[in-house]
Participant: 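A single structure is presented below for examination.
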Amino acid sequence: MIRNERVGTGISKIDKLISGGFKKNSVNLVVGNAGSGKTTLAMQYLVDGLKKGEAGIYITFDENKEKLYDDFAEFGWELERFERMGLLKFLEYTPEQVRSLVSEGGGTLDVLVSQMNAKRIVVDSISSFSMLFINEITKRESSLGLFELFGKWGCTAVLTGQASDVNADEIESDFAFEVDSIIALHHFKKNGKRERALEILKMRGTKIPEKTMQMGISNKGITVEPNKIVSK
Ligand SMILES: Nc1ncnc2c1ncn2[C@@H]1O[C@H](COP(=O)(O)OP(=O)(O)OP(=O)(O)O)[C@@H](O)[C@H]1O
Ligand SMILES: [Mg+2]
């Protein structure tokens, strides 16, 4: 493997700021409150790969496939076509099913990943998975087991997580210490207007821009203006 190989995030202006994207084989967390754009960013990350012929898997506990595909058709993302081409797989799992897959060392997912030659994987959201566990130790064990599977498969993962803090300022999300990077999506009220911003909180082995950048969601998906710093 080429050292320090990078995988595009789906936001080209962000890639330019972080040495080309996520580190290959890394586990990346996107946190934010409801409607902040987590699912959009996660799908944009997959679409970035799909357009280059890189297969991707989207695992969700909460989202409905038809609804999501319809919503994202607005962005010109032809998810159904990618699925027919065998590049995209949409998996609606229960958290229990994922827990079983982890304890089986991958199970059916293991087969699927190698059949598709999947390079990118999304779990939307990891918060739903972590709610399965009452015990912190088993929660950590099972999640690390899942992250190890991504590594074994050679996949670069994006996980979404609900921030427990409304402003996502203090990230009290699970796995903050276990993941390789954290991107926070802010959606907050200022002078009676809602603003969106994106902030990279950490990225192992990468210099990060220490600023909160203006973000937008339009029919092109998520865009970021690195020169426009947002202050609350
Ligand atoms: N075409 C569009 N133009 C502008 N904004 C859009 C468009 N489509 C969706 N949005 C915005 O994107 C938001 C959806 O973001 P998304 O579903 O990615 O958020 P989320 O963080 O995953 O939310 P949740 O926590 O509910 O899962 C919507 O609330 C809407 O405001
Ligand atoms: Mg979502």
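Whatever order the structure lists them in is the order used to number ligands and atoms, beginning at 1.
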Participant: For the pair K23 and E5, find out whether any cationic side-chain nitrogen is under 4.0 Å from an anionic carboxylate oxygen.
Facilitator: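 Looking at K23 and E5, the cut-off is not met.
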Participant: Which protein heavy atom lies closest to atom 18 (O) of ligand 1, and at what distance to 0.1 Å?
Facilitator: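 Protein heavy atom with the smallest distance to atom 18 (O) of ligand 1: T40 OG1, 2.5 Å.
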Participant: What part of S36 sits under 4.0 Å from ligand 1 if we count only heavy atoms: the side chain, the backbone, both or neither?
Facilitator: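 Both backbone and side chain of S36 come within 4.0 Å of ligand 1.
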Participant: So that I can tick it off, tell me whether D110 and K152 are bridged by a salt bridge, with the cut-off set at under 4.0 angstrom between side-chain N and carboxylate O.
Facilitator: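 Yes.
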Participant: With respect to K38, determine whether any N or O atom, backbone or side chain, lies less than 3.5 Å from an N or O atom of ligand 1.
Facilitator: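 There is such a contact, yes.
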Participant: What is the closest protein heavy atom to atom 17 (O) of ligand 1, and at what distance does it sit?
Facilitator: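 Ranking protein heavy atoms by distance from atom 17 (O) of ligand 1, first comes T39 CB, 4.1 Å.
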Participant: Identify the closest protein heavy atom to atom 8 (N) of ligand 1: which residue and atom is it, and at what distance?
Facilitator: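 Nearest neighbour among protein heavy atoms for atom 8 (N) of ligand 1, to 0.1 Å: F75 CZ, 3.7 Å.
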Participant: Please report which non-hydrogen protein atom sits nearest to atom 10 (N) of ligand 1, along with the residue it belongs to and the distance in Å to one decimal place.
Facilitator: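 So the nearest neighbour among protein heavy atoms is I217 CG2, 3.7 Å.
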Participant: Would you mind finding which of G37, G161, S125, G35 brings a heavy atom closest to atom 26 (O) of ligand 1?
Facilitator: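 Residue with the shortest heavy-atom distance to the ligand atom: G35.
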Participant: Any salt bridge linking K89 with E83? Criterion: basic side-chain nitrogen under 4.0 Å from a carboxylate oxygen.
Facilitator: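 Between E83 and K89 there is no salt bridge, as every charged N stays at least 4.0 Å from the carboxylate O atoms.
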Participant: Is the distance from the Mg ion (ligand 2) to the nearest N/O/S atom of T39 under 2.8 Å?
Facilitator: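 Within the cut-off used here (under 2.8 Å), T39 does place an N, O or S atom near the Mg ion (ligand 2).
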Participant: Would you mind telling me if ligand 1 is within reach of the side chain of N33, the backbone, both or neither, using heavy atoms under 4.0 Å?
Facilitator: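 For N33, only backbone atoms sit under 4.0 Å from ligand 1.
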Participant: Could you list which atoms of ligand 1 come closer than 4.0 Å to a heavy atom of E74?
Facilitator: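 Under 4.0 Å from E74, ligand 1 has these atoms: 1 (N).
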Participant: For atom 11 (C) of ligand 1, which protein heavy atom lies nearest, and how many Å away is it?
Facilitator: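 For atom 11 (C) of ligand 1, the nearest protein heavy atom comes out as R196 NH2, 3.9 Å.
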Participant: Will you find, in the side chains of D124 and T60, an N or O donor that is under 3.5 Å from an N or O acceptor?
Facilitator: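 Their side chains do not contain a donor-acceptor pair, so the 3.5 Å distance test is not met.
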Participant: Run the numbers for me: atoms of ligand 1, each under 4.0 Å from some heavy atom of S218, listed by number.
Facilitator: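 Answer for ligand 1: 3 (N), 4 (C).
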Participant: Donor-acceptor check, side chain of K211 to backbone of P226, threshold 3.5 angstrom: yes or no?
Facilitator: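 Yes, the answer is positive, given that a donor and an acceptor are paired below the 3.5 Å cut-off.
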Participant: Taking the six-membered ring of Y45, is NZ or CZ of R120 closer than 6.0 Å to its centre and within 45° of its axis?
Facilitator: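 Yes, a cation-pi geometry.
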Participant: Report the part of Q44 in contact with ligand 1, treating N, CA, C, O as backbone and CB onward as side chain, heavy atoms under 4.0 Å; options are side chain, backbone, both, neither.
Facilitator: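 No part of Q44 comes within reach of ligand 1.
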Participant: Identify whether the distance between the nearest side-chain nitrogen and carboxylate oxygen of R99 and E96 falls below 4.0 Å.
Facilitator: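 Looking at E96 together with R99, the answer is no, because their closest N to O distance does not fall below 4.0 Å.
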Participant: Do S128 and S125 meet the criterion of a side-chain donor-acceptor pair at a distance under 3.5 Å?
Facilitator: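 Result is yes, a qualifying pair exists.
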Participant: Judged by modelled atom types alone, do S181 and N28 share a side-chain donor-acceptor pair under 3.5 Å?
Facilitator: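 Side chains of S181 and N28: pair found under 3.5 Å.
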